[in-house]
Structure formats: structure tokens, C-alpha cells
Amino acid sequence: MAPSFSDSDSMFNFVVREGNGVKGMADLGLSKVPQKYVQPPEERIDKLNATLNNNPPIDLSKLGGPCHDQVVDEISAAAETFGFFQVVNHGVPVELLEALKVAAHSFFGQPAKKKAAYRKGVSPSPLVQYGTSFAPEKEKALEWKDYLSMVYSNDGEALRFWPEECREVALEFLRTSTKMVRKLLEILMGKLGVTLDEEKIDALTGLKMVNMNFYPACPNPELTVGVGRHSDLGTLTVLLQDGIGGLYVKVEENMEGKKKGEWMEIPPIPGALVINIGDTLQIVSNGRYKSAEHRVRTTSTQSRVSIPVFAIPKGTEKIGPLAQVVKKDGVARYREVMFEDYMNNFFGNAHGGKKSLDFARIY
């Protein structure tokens with residue numbers, strides 16, 4: 001018998017505490033979304049009011065060739081303005097990208113009981129967590145999303161603890177995208193006049209995480225969000241969208257054909273990956289690079305997956321504006337913080353745009 005969600009407590013228990021997730025609820029054949037998922041009007045995504053991002057993807061195979069400098073300029077210009085860009089010929093095989101989408105559907109398509117074994121507090125390893133929404137206990141309106149989060153420590157632990165439905169492909173995605181993250185980081189730092197040694201690269205990207213996000217088809221996509229407004233907390237994010245789309249990035253400042261504060265839809269490009277600048281890179285660049293504020297729309301027609309790899313500092317790392325950049329700018333715009341403190345603040349609050357940066361901002 002289908003549970004009745006007449007009160008929000010029984011729904012919260014079913015979805016969050018028992019681990020059925022949004023998918024478990026959607027599978028009951030809801031004709032409308034429960035009240036707890038209805039976003040306030042200002043948080044809803046109006047598809048018709050968004051502009052379309054029509055910037056062509058950046059071709060990374062041109063690095064090292066005659067167009068090298070032009071590609072470097074394209075990367076840094078995107079990081080300084082939108083905080084995101086799409087890349088092709090990035091070194092991650094297209095067959096792997098397809099296999100990742102299949103693996104994500106395979107994990108989320110399992111019976112709820114199998115997925116719920118990875119819930120916070122019962123998961124066999126702190127490296128793996130299955131959950132729903134972002135911070136369900138703190139949110140006024142929940143996100144229409146289930147996720148699987150896999151932290152990377154080493155290959156052995158990943159193969160032992162990550163779910164078998166997706167561990168091989170997730171690990172391969174992590175490996176191949178990490179090479180690209182490194183290359184992009186060297187380029188962006190070079191543009192700041194900073195050369196990174198191994199130690200500093202490791203300091204900025206020492207912790208890696210692969211997430212698989214699942215957005216079930218939604219009876220009222222216009223009332224819900226898949227992910228609320230936020231910026232990523234780490235250094236760089238590599239994101240695989242599927243062909244359905246639904247990713248929106250906020251325009252940081254007025255520029256050609258785009259107005260500050262408006263939302264831009266990022267259409268999926270076959271074989272491309274989306275690169276997001278995270279808060280850490282905004283802080284170390286003293287604000288020169290912008291972390292991308294973004295959010296995700298739901299859809300009524302079919303379930304959608306997205307798969308990000310997060311390259312973030314280790315918790316014990318101190319992050320603050322780089323000395324060379326502060327010297328050039330004449331002022332530090334952020335204070336130095338222990339990354340673990342930054343992370344605890346980020347995960348301890350509901351999504352709220354780029355509010356997370358206030359934790360390190362100097363006023």
C-alpha cells in the first residue's frame with residue numbers, strides 16, 4: 001500500500017530517513033508534488049525568462065599548438081566573467097561518458113533498500129553516502145534530487161567501498177578528468193602570474209569526490225528545483241550533463257547581450273564537459289576568478305542524471321588569497337581560513353546563492 005503523505009512528517013520519514021528518496025516517492029505515481037517540494041516563487045526557474053548560453057565549447061586539443069595563447073585567453077576570460085565554460089577534446093573518452101550515464105541510471109534504478117544501505121550513519125564507509133536534497137533538515141523547501149557521493153582516498157578503497165554498479169567507471173572518470181583539472185589550474189594560475197609546484201597543486205585539489213545526481217521526472221517542474229542556487233565550494237568542478245539539460249548559471253556582471261543577475265541556460269553539447277570555477281579558486285585568486293552561481297531545473301518528461309567530479313582542498317589545508325596576487329592588487333579581499341571550517345559552514349546551511357563566500361570575505 002502506498003504511504004499517504006497527508007502530513008509532511010510521514011513524507012520526510014519515507015523520503016529522507018528511510019532512504020526511499022525522491023525516486024521512491026515519484027515511483028508511487030504522484031499527480032502533483034508534495035507541498036514540502038514547492039519552492040517560493042522567487043526560487044522557481046522560469047525557463048522562458050532565461051537566456052541561452054551560445055558560447056561555443058573550448059577545444060582543449062588546441063593547447064600546445066599554434067592557437068595555444070588564444071585558448072588560454074578563452075579559458076581565463078570565461079573564469080573571470082561567468083565562472084564556467086564547456087570543453088571538448090578534453091581527454092575523457094566519449095564512450096566513458098556514455099557508460100557513466102548508464103551506470104548512474106543503473107545505481108538509482110535499484111530497489112530503495114539497496115541504495116538505502118549507503119545512507120549517512122549506516123553506510124559501510126564514510127567515503128560513500130547516498131541521500132536526497134542538499135541539507136533536508138535545514139531547507140524550507142526540499143530539492144527534487146537524489147544523489148550518491150563517493151570520496152576518493154585511493155584506488156583500493158574506492159574499489160572496495162564504492163557501489164559496484166558504478167565504481168569502475170566513476171574511478172576512470174575521476175582519473176581522466178583529474179589530468180584535465182591539473183592542466184586548467186596551471187593555465188589559470190599562469191594567467192595570475194603564479195607558478196604552482198606539485199605541493200600547491202595538491203593543496204588545492206588534494207581531495208576528490210565523484211557525485212551522481214538523479215532527478216526523477218517531476219509532475220510540476222515549474223514549482224520545484226533539482227538543485228537550489230549555490231556555487232561549488234572547491235577549486236574546480238568537472239560536470240557531465242546528460243542530453244536532457246536543465247543547468248542554469250547566473251550572470252555575474254553586465255556584458256554583451258547579458259545582464260547582471262539574469263539566468264543563462266547551459267545547453268548540453270554531446271561529448272562536452274562543463275567546468276565550474278569553485279569558491280576556493282575565487283578566494284585564492286583574490287576575486288579575479290568568479291565561482292559560478294548555478295542551479296538545476298527539473299523536467300516532467302524523463303528522469304535525468306548529472307555527474308560532477310569535485311577537486312577540492314584537503315580539510316587541513318589553509319586557503320586564502322595568494323601572496324603574489326594580493327601584492328599586485330594591493331588588498332586582500334578574503335581572509336585565510338582552514339578549509340575544513342569552510343566546508344562545515346557550507347554543508348551546514350541550506351543552499352543560498354554565493355552566501356558561502358561570506359565566511360571568508362573581508363568587509
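In this chain, numbering begins with 1 at the start of the sequence shown. Both backbone and side-chain heavy atoms feed into the values below; hydrogens, waters and symmetry mates do not.
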Is there a side chain to side chain contact (heavy atoms under 4.5 Å, CB included) between Ser76 and Leu188 once you walk through the steps?
CA-CA 6 Å; Ser76 62; Leu188 290 168; 4.3 Å; yes
Side-chain ([X]) to main-chain ([Y]) donor-acceptor, under 3.5 angstrom:
| X | Y | result |
| --- | --- | --- |
| Tyr118 | Ser149 | no |
| Arg335 | Phe359 | yes |
| Asn20 | Phe14 | yes |
| Ser177 | Phe173 | yes |
| Glu80 | Ala77 | no |
| Gln282 | Ser291 | yes |
| Glu262 | Val251 | no |
| His294 | His230 | yes |
| Arg167 | Leu159 | yes |
| Glu74 | Phe85 | no |

In sequence, state the C-alpha distance, the side-chain angles, and the governing distance for Tyr152 and Val210, and then conclude on side chain to side chain contact (heavy atoms under 4.5 Å, CB included).
CA-CA 8 Å; Tyr152 177 80; Val210 187; over 6 Å; no
Would you check if [X] and [Y] make a side-chain contact, meaning some heavy-atom pair closer than 4.5 Å?
| X | Y | answer |
| --- | --- | --- |
| Ser125 | Glu157 | no |
| Val16 | Asn13 | no |
| Pro163 | Met150 | yes |
| Arg17 | Phe12 | yes |
| Leu236 | Ile277 | yes |
| Tyr215 | Thr299 | no |

[Y]/[X] salt bridge by N-O under 4.0 Å criterion:
| X | Y | answer |
| --- | --- | --- |
| Lys200 | Glu186 | no |
| Glu98 | Lys101 | yes |
| Lys314 | Asp202 | yes |
| Asp155 | Arg175 | yes |

Answer yes or no: does atom CZ of Arg361 have more than 12 heavy-atom neighbours from other residues, nucleotides or ligands under 6.0 Å?
yes
About how many Å separate [atom2] of [Y] and [atom1] of [X], when rounded to the nearest 0.5 Å?
| X | Y | atom1 | atom2 | answer |
| --- | --- | --- | --- | --- |
| Leu142 | Tyr37 | CG | OH | 4.5 Å |
| Asn286 | Leu322 | CG | CG | 9.0 Å |
| Leu60 | Leu184 | CG | CG | 6.0 Å |

Taking every non-hydrogen atom, the tightest pair across [X] and [Y]:
| X | Y | result |
| --- | --- | --- |
| Ala217 | Ser300 | CB-O, 3.8 Å |
| Pro40 | Ala141 | CD-CB, 4.4 Å |
| Arg119 | Glu18 | NH1-O, 3.8 Å |
| Gln302 | Ile244 | CG-CD1, 3.3 Å |

The test is side chain to side chain contact (heavy atoms under 4.5 Å, CB included); show your working for Arg44 and Asp46 and say whether it passes.
CA-CA 6 Å; Arg44 296 174 198 170; Asp46 181 358; over 6 Å; no
Between Ser303 and Lys23, is the side chain to side chain contact (heavy atoms under 4.5 Å, CB included) condition met? List the steps.
CA-CA 9 Å; Ser303 297; Lys23 183 176 188 301; over 6 Å; no
Salt bridge (charged side-chain N to carboxylate O under 4.0 Å, His left out) for Arg182 and Glu198? Distances and angles first, verdict last.
CA-CA 10 Å; Arg182 200 186 176 91; Glu198 287 294 321; 2.6 Å; yes
Residue from Leu247, Ile275, Asn53, Asp232 passing side-chain contact (heavy atoms from CB on, under 4.5 Å) with Phe84:
Asn53
In terms of ring plane angle, is the pair Tyr130 and Phe108 parallel, tilted or perpendicular, where the classes change at 30° and 60°?
tilted
